[in-house]
**Student:** 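My structure is below; once you've seen it, I'll send some questions.
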Number of protein chains: 2
Amino acid sequence: MSRTSSQAPEASSDALPRQQRTYSIGELAKMFEVTPRTIRFYEQEGLLAPSRQGQKRIYREKDRVRLKLTLRGKRLGFSLAEIREVVMMYDAMPDGNARQLKRLLEILKEKRADLEQQLEDIRLMRMEIDDVDQRAREVLRHLDQED
Amino acid sequence: MSRTSSQAPEASSDALPRQQRTYSIGELAKMFEVTPRTIRFYEQEGLLAPSRQGQKRIYREKDRVRLKLTLRGKRLGFSLAEIREVVMMYDAMPDGNARQLKRLLEILKEKRADLEQQLEDIRLMRMEIDDVDQRAREVLRHLDQED
DNA sequence: CAAGCACTTTACGTTAACGTAAACCTCGTC
DNA sequence: GACGAGGTTTACGTTAACGTAAAGTGCTTG
């Protein structure tokens with residue numbers, strides 16, 4: 001697992017309201033500590049849809065948020081397909097028909113269940129780590145005393 | 001599929017204390033809902049080391065616990081390499097030298113940090129899921145009223 | 001003894017999620 | 001006008017974590 005990624009740093013110099021700012025692919029990449037390749041790949045997988053200015057990709061606030069959510073999902077071990085499933089349905093919501101919406105609710109329920117399972121897993125793993133930690137410190141203590 | 005209840009094949013199979021029980025690869029596989037292939041693969045990757053009885057693998061309680069821990073780690077998105085790192089150092093602990101032990105403590109610290117990050121990620125993702133859920137239900141409510 | 005399991009090894013196949021390389025634009029600037 | 005720093009597409013390469021298929025071993029059961 002990768003290191004903890006910080007909260008998105010505030011857009012620096014300009015007094016532009018976030019909603020109007022745009023980002024280049026390189027900016028986003030540095031911001032989230034991923035490569036441009038990764039960002040293009042996510043687009044190819046249907047997770048991002050930046051507009052273009054000539055050939056160049058232009059990312060807006062919405063895209064930045066999506067990328068943030070995507071990376072968070074990844075840290076939690078979700079596949080890109082799973083993430084897309086939620087993200088796309090979220091976008092299709094406003095004009096969604098009832099069946100689509102109910103399907104969405106189901107998916108959300110599943111995801112929530114996954115998260116609960118993870119919480120339990122984390123709890124248990126924490127305990128085990130603490131245990132190993134304790135033992136290791138104890139062995140160390142004995143080694144120190146031997147000298 | 002159905003378990004034909006024949007006469008008890010092996011005596012005292014139930015009364016065995018867990019510590020003495022052994023498992024076949026198939027038993028473990030069903031127990032954890034993975035394939036035998038997966039278990040063999042984990043062995044090949046140095047995460048399990050069952051003894052043999054002739055050609056067949058014999059799993060003891062220790063192996064079962066290891067498998068459990070491994071699968072939990074996987075659910076949390078850790079790679080097999082990461083899991084092995086901890087598990088193997090744990091085994092090397094009793095006769096470990098100081099440098100090894102300190103390295104282990106560092107690794108544990110990292111893992112703990114990962115878990116904390118995950119807790120935060122889960123918290124945020126929960127909120128977002130709740131939000132999407134809310135919106136979806138609201139849209140549904142309106143659709144129902146239209147009829 | 002043939003058949004059926006459960007197990008074994010060997011080895012090639014597959015998928016997700018990118019990495020990496022090549023070859024090409026398009027600026028601003030020295 | 002050469003150049004370097006960004007960006008672009010296309011396409012092949014790589015790694016982790018298994019899946020899958022083939023061919024063999026050993027037991028027990030009708």
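Sequence lines set the chain letters: A, B, ... in the order given, protein chains first and strands last, and positions in each chain run from 1.
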**Student:** Just by distance, with hydrogens left out, do A:Glu27 and A:Tyr59 show a side-chain donor and acceptor under 3.5 Å apart?
**Tutor:** no
**Student:** Taking only heavy atoms on the protein side, list every residue of residues 78-85 of chain A lying under 4.0 Å from any atom of DNA chain C, sorted numerically.
**Tutor:** A:Ser79, A:Leu80
**Student:** Within residues 52-61 of chain B, which residues have any heavy atom lying less than 4.0 Å from an atom of DNA chain C?
**Tutor:** B:Arg52, B:Gln55, B:Lys56, B:Arg57
**Student:** Whole-Å distance between D:dT15 P and A:Arg37 CZ?
**Tutor:** 16 Å
**Student:** Looking only at side-chain N and O atoms, does B:Gln134 offer a donor or acceptor that is under 3.5 Å from a partner on B:Asp130?
**Tutor:** no
**Student:** Mind calculating the distance between CG (A:Leu48) and P (C:dC18) to the nearest angstrom?
**Tutor:** 12 Å
**Student:** So, does the side chain of A:Arg40 form a donor-acceptor pair with the base of D:dT8 at under 3.5 Å?
**Tutor:** no
**Student:** Rounded off to whole Å, could you give me the CZ-to-P distance for the A:Phe41 and C:dG19 pair?
**Tutor:** 10 Å
**Student:** Please determine whether a side-chain nitrogen of the Lys or Arg among B:Arg112 and A:Asp133 lies less than 4.0 Å from a carboxylate oxygen of the Asp or Glu.
**Tutor:** yes
**Student:** Side chain of A:Lys74 only, heavy atoms from C-beta on: which candidate in C:dC18, D:dG19, C:dC7 is closest?
**Tutor:** C:dC18
**Student:** Are A:Asp114 and A:Gln118 close enough that a side-chain donor and a side-chain acceptor fall under 3.5 Å?
**Tutor:** no
**Student:** Please give, in whole Å, the distance from D:dA17 C1' to B:Arg75 CZ?
**Tutor:** 17 Å
**Student:** What do you reckon, is CE of B:Met31 surrounded by more than 12 foreign heavy atoms closer than 6.0 Å?
**Tutor:** yes
